[in-house]
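Here the structure is a predicted model, which is why all the values come from computation and not from measurement.
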Amino acid sequence: IYSIDFSKIAKEMQGKYTLKLSNKAGIIETMCNIFVNVPPTILRDLEDISISEGSECTFSVIIDGNPVPTIEWYKNNTKQKADKRFNLRFEEKTFYLTISEIKSSDHGKYKAIIKNKVGQIETREASLEVTVGPTITKSLKDIEVIEGKALELICEVSGTPRPQAQ
């Protein structure tokens, strides 16, 4: 019996191993592949984003793991699916969630659950703040007033964050 002992397997040890045996009568060999499973880890986590309505933004998370993990994206704890505005993609070790034509309703907390057959990990929750330019919903009106009387001018506005008056 011939054996080789590995005290601690590392991902770098994955590969093809060959044992050659020989004597005066000949040479034979046997081989095997070692596949090293590694639970997912996050190398760079999600970051908060603040963006204007109508723009495009991308959340990204860099991961490691073997076999290559899968990902599920969540907004306010609701699973998100790809559609014409939500594009999900994977390149190298990076998962991306790109949201196009940002709407104020896209505002919220985003996270991802990353898993493979040997483990699961969750990203931090990242905030998406959607900024909306100021809009006057009710304008100031011309008014006549008697000298010495009190007066309040009212203008209604919307916007995110709340517009500051000057």
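- Shown here are the side-chain hydrogen bond (donor to acceptor under 3.5 Å, both in side chains) partners of Lys115, two or more places apart in sequence or in another chain: there are none.
- Hydrophobic cluster membership is shared by Phe6 and Val36, with clusters built from Ile, Leu, Val, Met, Phe, Trp and Tyr side chains linked at under 4.5 angstrom.
- Applying the salt bridge (charged side-chain N to carboxylate O under 4.0 Å, His left out) criterion to Asp45, with sequence neighbours excluded, gives no partner residue.
- The salt bridge (charged side-chain N to carboxylate O under 4.0 Å, His left out) search around Lys109 returns none, not counting sequence neighbours.
- Counted within 6.0 Å of NZ on Lys103, heavy atoms from surrounding residues, nucleotides or ligands total 12 or fewer; the atom is thus considered open.
- Taking 4.5 Å as the limit, every side-chain heavy atom of Glu125 sits out of range of all side-chain heavy atoms of Asn76.
- Listed by chain and number, the residues in a side chain to side chain contact (heavy atoms under 4.5 Å, CB included) with Pro163 are Pro134, Val157 (sequence neighbours excluded).
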Chi angles and distances behind the side-chain contact (heavy atoms from CB on, under 4.5 Å) call for Ile121, Ile42: CA-CA 8 Å; Ile121 194 166; Ile42 296 172; 4.1 Å; yes
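- For Ile136, the CD1 atom counts as loosely surrounded, since its 6.0 Å shell holds 12 or fewer non-hydrogen atoms of other residues, nucleotides or ligands.
- By the 4.5 Å heavy-atom criterion applied to side chains, Ile62 and Phe95 are not counted as neighbours.
- For Lys84, the side chain to side chain contact (heavy atoms under 4.5 Å, CB included) test picks out no residue, with sequence neighbours left out.
- Looking only at side-chain heavy atoms (C-beta outward), Arg124 and Asp48 come within less than 4.5 Å of each other.
- Atom OG1 of Thr160 and atom CZ of Arg162 lie 10.5 Å apart (nearest 0.5 Å).
- You'll find the side chain of Thr94 stays beyond 4.5 Å of the side chain of Val61, heavy atoms only.
- The distance from the SG atom of Cys155 to the CG atom of Leu140 is 5.0 Å, given to the nearest 0.5 Å.
- A single hydrophobic cluster is seen to contain both Ile4 and Ile9, as judged by linkage of ILVMFWY side chains at heavy-atom distances under 4.5 Å, directly or through other members.
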Test log, rule side-chain contact (heavy atoms from CB on, under 4.5 Å), inputs Ser127 and Ile49: CA-CA 6 Å; Ser127 295; Ile49 297 174; over 6 Å; no
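- Partners of Pro67 under the side chain to side chain contact (heavy atoms under 4.5 Å, CB included) rule, at least two apart in sequence or in another chain, are Asn37, Asn116, Lys117.
- Listed by first and then second residue, the ring-ring contact (aromatic ring centres under 6.0 Å, His included) pairs that reach into residues 34-85 are Phe59-Tyr110, sequence neighbours excluded.
- Residue pairs meeting the side chain to side chain donor-acceptor pair (under 3.5 Å) criterion with at least one partner in residues 131-154, sequence neighbours excluded, are Ser52-Thr131.
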Salt bridge (charged side-chain N to carboxylate O under 4.0 Å, His left out) assessment of Glu122 paired with Lys111: CA-CA 7 Å; Glu122 190 172 303; Lys111 70 177 180 181; 3.2 Å; yes
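- At least one side-chain heavy atom of Arg89 sits under 4.5 Å from a side-chain heavy atom of Thr98.
- Annotation for Pro69 and Pro40: closest pair CG-CB, 3.9 Å, computed over non-hydrogen atoms.
- Taking CD from Glu129 and CD1 from Ile51, the interatomic distance works out to 11.0 Å, rounded to the nearest 0.5 Å.
- Summarising the geometry, atom OG belonging to Ser105 is positioned 8.5 Å from atom CD belonging to Glu53; distances are rounded to the nearest 0.5 Å.
- Of all non-hydrogen atoms in Asp106 and Lys75, the two that sit nearest each other are O-CE, 3.7 Å.
- Linking Ile, Leu, Val, Met, Phe, Trp and Tyr residues whenever their side-chain heavy atoms come within less than 4.5 Å leaves Ile114 and Val118 in two separate clusters.
- No side-chain heavy atom of Asn87 sits under 4.5 Å from any side-chain heavy atom of Leu97.
- Inter-residue side-chain proximity for Arg44 and Ser60 is flagged as met; some heavy-atom pair is nearer than 4.5 Å.
- Applying the side-chain hydrogen bond (donor to acceptor under 3.5 Å, both in side chains) rule to Glu101 yields no partners; only residues at least two apart in sequence or on another chain are considered.
- Gln14 pairs by the side-chain hydrogen bond (donor to acceptor under 3.5 Å, both in side chains) definition with Asn66, not counting sequence neighbours.
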Show me the donor-acceptor pairs within less than 3.5 Å that the side chains of residues 17-32 make with the rest of the protein, sequence neighbours left out.
from, atom 1, to, atom 2, distance (Å)
Tyr17, OH, Met13, O, 2.7
Asn23, OD1, Ala25, N, 2.8
Asn23, OD1, Gly26, N, 3.3

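- Proximity of Ile99 to Leu128: side-chain heavy atoms (C-beta onward) are separated by under 4.5 Å at one or more points.
- Taking CD1 of Ile34 as the reference point, atom NZ of Lys16 lies at 13.0 Å (rounded to 0.5 Å).
- For the atom pair CD1 of Ile63 and OG1 of Thr70, the computed distance is 9.5 Å after rounding to the nearest 0.5 Å.
- For Ala126 against Leu46, the heavy-atom pair with the smallest separation is CB-CB, 3.7 Å.
- Screening residues 136-162 for ring-ring contact (aromatic ring centres under 6.0 Å, His included) gives no qualifying pairs among residues at least two apart or on separate chains.
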